[in-house]
Student: 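Pasting a structure here, questions to come.
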Protein chains: 2
Amino acid sequence: MQSGLPHLQSIFTTDCVIFGFKEGELKVLLIERNEYPFKGWWALPGFFVEHNETIDDAVKRILYEHTGLRGIFMEQLYTFGDLKRHPQGRIITVAYYALLRLDDLKSQPEPVTDYARQAVWHPLNDLPELAFDHRHIIDKSIMKVRRKISYSPIAFELLPEKFTLTQLQQLYEAIWGRKLDKRNFRKKMLNYNILKELPEFQRGVSYRAARLYKLDKRKYAKVFQNELTFSKD
Amino acid sequence: MQSGLPHLQSIFTTDCVIFGFKEGELKVLLIERNEYPFKGWWALPGFFVEHNETIDDAVKRILYEHTGLRGIFMEQLYTFGDLKRHPQGRIITVAYYALLRLDDLKSQPEPVTDYARQAVWHPLNDLPELAFDHRHIIDKSIMKVRRKISYSPIAFELLPEKFTLTQLQQLYEAIWGRKLDKRNFRKKMLNYNILKELPEFQRGVSYRAARLYKLDKRKYAKVFQNELTFSKD
DNA sequence: ATTTAATAGTGTAACAAATACACACTATAT
DNA sequence: ATATAGTGTGTATTTGTTACACTATTAAAT
């Protein structure tokens, strides 16, 4: 509690693991810190929770500052309170993760605050060394997402509204880190009856036009109780 | 932040949902508050987190004060930070749940602290009205436990070291709130190969002695990835 | 001694879900 | 014309899930 940290509102912070999906890869938004401690290091976007806002609101604020978007899917992950996680004393952080359609972004993220020098998307599989215990927080997030996509349709939060089954499969493969069988994936995914087949096609990277689908939100809830698994590899 | 709450260490608290299992019922340990606000109301055991302890340590302290036991299974549940959850201002609470073998208790729990007038086990299905948002916290805990027993062997934390398959099944039934098929339950549970058959039997409530089992801790981990489900009813 | 009541313990057949697996079709680039 | 990259499709096998009913044992009551 030295060094000019504001007092009443500085006891705890939030940090947010923002996931995006592009080019078949999962990405995480990191900021380059412009403040001590860890000045110049990469870190998760996060900030002190103000005294008159809920934690959720603080996270929404951080998300908006970094992406310019509202209404992003987010969920509380875990609260970290190790005595040594912050060099300036025991600062508790409530960590969240958020899932973002990268296509919705108008431009590269620009940090609105001055605590960050820049904000950059990093591939999840090639992260730089991170400040504080942020690496640990990211690891815990990805494990949660990995589990959660098998029983709830959160994966769709990472895709554009209209998507091909191939894109959806690539997303699952990226999150789980293993290849899935195309025929089994499609069979199972379509069987859940939560996808609406659109009359449109998309050329994309492929040489052949692929059918577009979108999530049928009315049928969303059904899957929430089931478990999804896919196989081969 | 009025009325004499300590400052630096009073910004957030922990509350702990302590589950126990006895007489075929899930129970929750509640205290009767002896302090304002909500003096005389039933509430979850909980307290301010001291400035030099981790959140986990604070919960362990609370568990020990109320049960006299150490090494109890516990896990962080969620952090609640609504502006209106506490009448004296925004006090954040990190909620935990704990699973306890009631047989390990030497005696009825006696509150060691003076913020509680008494501590009493309440059946989960017949709870009194609770202080703060504690009812909400309990609801969220039971949902987590319900989910978690299907992919991890936490249920055993609620049973004595040696138990019969009937006891184990009753526990699952209590947590899920529905009857399970005896033959299917046994078949599946034994197939997981995480139970060690003991050469001992126990009479218990039954008229016929029943085989005792214990958890085989070496094989524990295997189940952690699978999902368990049982059927009929 | 016999009966009653409570509980332990056991197997199989039908069905559903998960898995492994390979080729033809189309558009594009050269 | 041909090579390339990606879409889309069906079946047989194995595995897991479900429904279902009786006998054996013992304590307690008569």
Side-chain angles (χ1 to χ4, degrees), chain A residues 22-25 149-151 159-160 162-174 176 178-214 222-223 225-233, chain B residues 23-24 149-151 159-160 162-174 176 178-214 222-223 225-233:
Chain A
K22 201 143 201 179
E23 292 134 22
E25 274 194 327
I149 58 165
S150 61
Y151 64 89
L159 290 177
K162 302 171 180 183
F163 50 84
T164 66
L165 288 178
T166 303
Q167 287 172 322
L168 184 58
Q169 182 177 343
Q170 283 168 347
L171 174 55
Y172 272 86
E173 289 175 343
W176 280 340
R178 63 194 177 100
K179 289 279 174 205
L180 303 173
D181 181 79
K182 183 161 53 157
R183 280 174 291 187
N184 293 338
F185 181 85
R186 285 163 181 249
K187 201 194 314 174
K188 189 158 186 175
M189 198 47 92
L190 293 174
N191 263 349
Y192 280 110
N193 270 319
I194 56 167
L195 298 184
K196 192 178 235 157
E197 187 178 296
L198 297 176
E200 307 160 58
F201 292 80
Q202 170 179 299
R203 180 125 297 117
V205 274
S206 147
Y207 289 84
R208 180 172 169 190
R211 166 79 66 183
L212 284 168
Y213 292 83
K214 71 174 195 182
K222 286 191 187 171
V223 177
Q225 288 303 28
N226 299 326
E227 294 281 326
L228 315 177
T229 47
F230 306 100
S231 285
K232 171 60 192 266
D233 276 15
Chain B
E23 293 136 20
I149 58 165
S150 60
Y151 64 89
L159 289 177
K162 303 171 181 182
F163 49 84
T164 66
L165 287 180
T166 303
Q167 288 173 323
L168 183 59
Q169 181 177 344
Q170 282 167 347
L171 174 55
Y172 272 87
E173 289 175 341
W176 279 340
R178 62 193 178 101
K179 289 278 174 209
L180 302 172
D181 181 79
K182 181 161 59 158
R183 278 176 290 187
N184 292 339
F185 180 85
R186 283 163 182 248
K187 200 193 315 172
K188 190 157 188 177
M189 197 48 93
L190 293 172
N191 264 351
Y192 281 108
N193 269 320
I194 55 170
L195 297 185
K196 193 177 234 158
E197 187 177 298
L198 297 176
E200 307 160 57
F201 291 79
Q202 169 182 297
R203 181 124 299 118
V205 272
S206 148
Y207 289 88
R208 181 173 167 188
R211 165 82 65 181
L212 284 169
Y213 291 83
K214 72 175 195 183
K222 286 191 187 174
V223 177
Q225 288 304 29
N226 299 326
E227 294 282 327
L228 315 177
T229 46
F230 306 99
S231 282
K232 175 56 192 268
D233 277 16

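Here is the naming used below: chain letters follow the sequence lines, and residue numbers restart at 1 for every chain. Every value quoted in this text rests on a predicted model; they were computed, and no experiment measured them.
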Student: Starting from C1' on D:dG8, measure out to CG on A:Leu180 and report it in whole angstrom.
Tutor: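 To the nearest whole Å, that distance equals 17 Å.
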Student: Take B:Leu168 and B:Phe185, measure what side-chain contact (heavy atoms from CB on, under 4.5 Å) needs, and give me the verdict at the end.
Tutor: CA-CA 10 Å; B:Leu168 183 59; B:Phe185 180 85; 3.8 Å; yes
Student: List the residues meeting salt bridge (Lys or Arg N to Asp or Glu O under 4.0 Å) with A:Arg208, not counting sequence neighbours, and say none if there are none.
Tutor: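 Counting only residues at least two positions away or on another chain, A:Arg208 forms no salt bridge (Lys or Arg N to Asp or Glu O under 4.0 Å).
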Student: Rounding to a whole Å, what distance do you find between A:Arg178:CZ and C:dT19:C1'?
Tutor: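 Whole-Å distance recorded here is 12 Å.
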Student: Within this structure, what is the CD-to-C1' distance between B:Gln170 and C:dA6, rounded to whole angstrom?
Tutor: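 Those two atoms, CD and C1', are 13 Å apart.
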Student: When the distance from CG of B:Asn191 to C1' of C:dT10 is rounded to whole Å, what number comes out?
Tutor: 14 Å
Student: CG of B:Leu159 to OG1 of B:Thr164: how many Å apart, nearest 0.5 Å?
Tutor: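 Reported value, rounded in 0.5 Å steps: 8.5 Å.
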Student: What's the CG-P distance between B:Leu165 and C:dT7, to the nearest Å?
Tutor: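 About 16 Å, once rounded to whole Å.
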Student: Are B:Lys162 and B:Glu200 close enough for a salt bridge, meaning some N to O gap below 4.0 Å?
Tutor: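 Salt bridge present between B:Lys162 and B:Glu200.
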Student: Tabulated below should be each protein N or O lying under 3.5 Å from an N or O of nucleotides 28-30 of chain C; please produce it.
Tutor:
none

Student: Applying side-chain contact (heavy atoms from CB on, under 4.5 Å), run through A:Arg211 and A:Leu198 and close with a yes or a no.
Tutor: CA-CA 7 Å; A:Arg211 166 79 66 183; A:Leu198 297 176; 5.7 Å; no
Student: Could you state the atom-to-atom distance from OH of A:Tyr192 to C1' of C:dA18 in whole Å?
Tutor: 11 Å
Student: So what does A:Thr166 hit on the nucleic acid, given a heavy-atom distance under 4.0 Å: a base, only sugar-phosphate, or nothing?
Tutor: sugar-phosphate
Student: On DNA chain D, compare the nucleotides closest to B:Ala209 and A:Ala210; which residue's is nearer the 5' end?
Tutor: A:Ala210
Student: Report the distance from atom CG of A:Leu168 to atom C1' of D:dT7, rounded to the nearest whole Å.
Tutor: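 Distance check: A:Leu168 CG to D:dT7 C1' gives 15 Å.
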Student: Where do B:Phe163 and B:Tyr213 land on the ring pair (Phe, Tyr, Trp, His ring centres under 6.0 Å) test, with the steps shown first?
Tutor: CA-CA 5 Å; B:Phe163 49 84; B:Tyr213 291 83; 7.2 Å; no
Student: With the criterion being N/O to N/O and under 3.5 Å, what pairs connect the protein with nucleotides 9-13 of chain D, and how long is each?
Tutor:
{"from": "D:dT11", "atom 1": "O4", "to": "A:Lys187", "atom 2": "NZ", "distance (Å)": "2.9"}

Student: Starting at atom CE of A:Met189, determine the distance to atom P of D:dT7, rounded to an integer number of angstrom.
Tutor: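 The distance from CE of A:Met189 to P of D:dT7 comes to 16 Å, rounded to the nearest Å.
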Student: Within the modelled atom types, does a donor on one side and an acceptor on the other bring the side chain of B:Arg208 and the base of D:dT26 under 3.5 Å apart?
Tutor: no
Student: CG of B:Leu212 to CD of B:Gln202: how many Å apart, nearest 0.5 Å?
Tutor: 5.0 Å
Student: Do you know the tightest heavy-atom contact between A:Ala174 and A:Gly24?
Tutor: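 Reported closest heavy-atom pair: CB-O, 3.8 Å.
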Student: Working note: A:Gln169 + A:Lys182, criterion side-chain contact (heavy atoms from CB on, under 4.5 Å); need CA distance, chi angles, decisive distance, verdict.
Tutor: CA-CA 8 Å; A:Gln169 182 177 343; A:Lys182 183 161 53 157; 3.8 Å; yes
